[in-house]
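Notes to accompany the following structure.
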Amino acid sequence: MENYWIIALFSALREANPQPKSALFFHSPYELLVAVVLSAQSTDVGVNRVTPGLFALASDPASMVRLGEDGLREQIRSLGLYNNKAKNILALSRILLEEYHGQVPDTREALESLPGVGRKSANVVLNVAFGHPTVAVDTHVFRVANRTGLAPGKTPEAVEKKLLQCVPEEFLLHAHHWLILHGRHVCMARKPNCENCCIRTWCLMGGNQFKDK
DNA sequence: AACTCGGGGCA
DNA sequence: TGCCCAGAGTT
């Protein structure tokens, strides 16, 4: 197992973010689930802007159903894609009440069967809410994994599979969070901040070569 | 595996 | 305008 450089890479990422915790605002598995559904194709900043107000009105499935689709839409309007998200969260809340005693299920199959919840969101809930060693691959993780050569792959599923294989168990619980933060704040899609990158030693792109001229 | 959808935000 | 955002659903 010549994965010593992977340990060094994650150690560097951990040092850059000593207190790993979800960037999303939530107090319960249900709030996390809602925040994750809202986060699809929206920024974490935007989600954190609306969730405190939303959860003050509805922090469980029953109160969400009571809030209703119009009330929900009003709370999340600034996110974009609010029509689908409001519909999905309401439908999902009803399913939790009817089929899961109002609780958030802790299996991949159950989570992915909920409207608005795909593989990435299910992985986040399993990891953050239930402590399962999953890795959620979003656009950030996908980009960083390919740029560094940590887990190159043409599809998110391929990257996820490689990460599960190569990331040491001690880092697995927080791997996706660190990779996401790095992709969000340093290894951005367009103009990465290579000068301040703590893992540039392992970058396949060789410094700033993909930076806008 | 590739395509489509969806809307605010920001350069 | 064009590209991006802690993707999902369909073909």
Side-chain angles (χ1 to χ4, degrees), chain A residues 13 16-17 19-26 29 31-55 69 72-93 95 108-130 132 134-147 150-163 167 172-193 210-213:
Chain A
L13 289 179
N17 294 280
Q19 280 91 33
K21 60 180 190 205
S22 175
L24 299 179
F25 176 92
F26 69 96
E31 290 190 357
L32 173 64
L33 178 60
V34 171
V36 167
V37 170
L38 290 178
S39 73
Q41 295 304 103
S42 295
T43 64
D44 54 342
V45 176
V47 173
N48 284 332
R49 191 171 57 236
V50 303
T51 43
L54 172 61
F55 295 152
E69 193 170 320
L72 175 53
R73 220 192 331 262
E74 177 67 23
Q75 294 298 316
I76 66 176
R77 186 178 311 280
S78 69
L79 285 184
L81 309 182
Y82 43 82
N83 280 310
N84 280 334
K85 288 175 181 176
K87 228 179 287 280
N88 284 338
I89 288 172
L90 219 45
L92 158 170
S93 298
I95 293 175
R108 173 183 306 287
E109 310 79 67
L111 285 167
E112 287 191 20
S113 74
L114 298 172
V117 181
R119 185 171 187 89
K120 178 264 173 180
S121 296
N123 278 334
V124 171
V125 173
L126 288 172
N127 183 302
V128 179
F130 299 113
H132 295 198
T134 64
V135 177
V137 178
D138 57 42
T139 57
H140 292 315
V141 174
F142 186 79
R143 187 173 63 250
V144 175
N146 276 292
R147 282 182 177 172
L150 176 65
K154 292 193 184 302
T155 68
E157 289 77 12
V159 170
E160 179 186 332
K161 188 176 177 184
K162 284 196 177 186
L163 284 173
V167 177
L172 208 43
L173 277 180
H174 301 300
H176 83 277
H177 177 64
W178 286 328
L179 291 171
I180 286 170
L181 286 184
H182 188 68
R184 170 80 177 84
H185 298 296
V186 181
C187 192
M188 293 90 81
R190 194 77 73 75
K191 292 168 65 174
N193 187 359
F210 54 94
K211 195 171 184 176
D212 288 359
K213 61 179 176 302

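The analysis underlying the following values was restricted to heavy atoms, covering all of them including side chains, and did not include hydrogens, waters or symmetry mates.
- Rounding to the nearest 0.5 Å gives a distance of 6.5 Å between CZ of A:R184 and OG1 of A:T43.
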| request: Would you please test A:K162 and A:V167 for side chain to side chain contact (heavy atoms under 4.5 Å, CB included) and show each step? | output: CA-CA 8 Å; A:K162 284 196 177 186; A:V167 177; over 6 Å; no

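- At the heavy-atom level, A:V47 lies nowhere under 4.0 Å from the strands shown.
- If you check B:dG7, B:dG9, C:dA8 against the side chain of A:N83, the one that comes closest is B:dG7.
- Across the protein-nucleic acid pair, A:E157 atom CD and B:dA2 atom C1' stand 12 Å apart, rounded to whole Å.
- A:P152 and A:V159 make their closest contact through C-CG2, 4.4 Å (heavy atoms, listed as atom of the first residue, atom of the second, distance).
- Under the 6.0 Å distance and 45° angle rule, A:R73 does not count as a cation-pi partner of A:Y82.
- Whole-Å rounding puts the A:Q41 CD to B:dT4 C1' distance at 12 Å.
- Of all heavy-atom pairs spanning A:L90 and A:E69, the tightest one is CD2-N, 3.2 Å.
- Note: CG (A:D138) to C1' (C:dG7) measures 9 Å, nearest angstrom.
- Checking C:dA6, B:dG7, C:dA8 against the side-chain heavy atoms of A:S39 singles out C:dA6 as nearest.
- Following rounding to the nearest Å, A:L81 (CG) and B:dC5 (C1') show an atom-to-atom distance of 8 Å.
- Closest to the side chain of A:Y82, out of C:dC5, C:dA6, B:dG8, is B:dG8.
- For A:L24 and C:dC5, the CG to P distance is 15 Å, given to the nearest whole Å.
- Rounded to whole Å, the distance from CG on A:L114 to P on C:dG7 is 18 Å.
- Atom P of nucleotide C:dA6 and atom CG of A:L163 are separated by 18 Å, given to the nearest angstrom.
- If you check every strand for non-hydrogen atoms under 4.0 Å, A:P115 touches sugar and phosphate atoms only.
- Following rounding to the nearest Å, A:N84 (CG) and B:dG8 (P) show an atom-to-atom distance of 13 Å.
- The gap from the C1' atom of C:dA6 to that of B:dC3 amounts to 22 Å, rounded to the nearest Å.
- Scanning both residues, A:D44 and A:L24, for their nearest heavy atoms gives CB-CD2, 4.2 Å.
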Close N or O pairs between protein and nucleotides 1-4 of chain C (under 3.5 Å):
residue	atom	partner	partner atom	Å
C:dC3	O4'	A:R190	NH2	3.1
C:dC3	O3'	A:R190	NE	3.3
C:dC3	O3'	A:R190	NH2	2.9

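- Between A:I95 and A:L114 the shortest heavy-atom distance is CG2-CD2, 3.7 Å.
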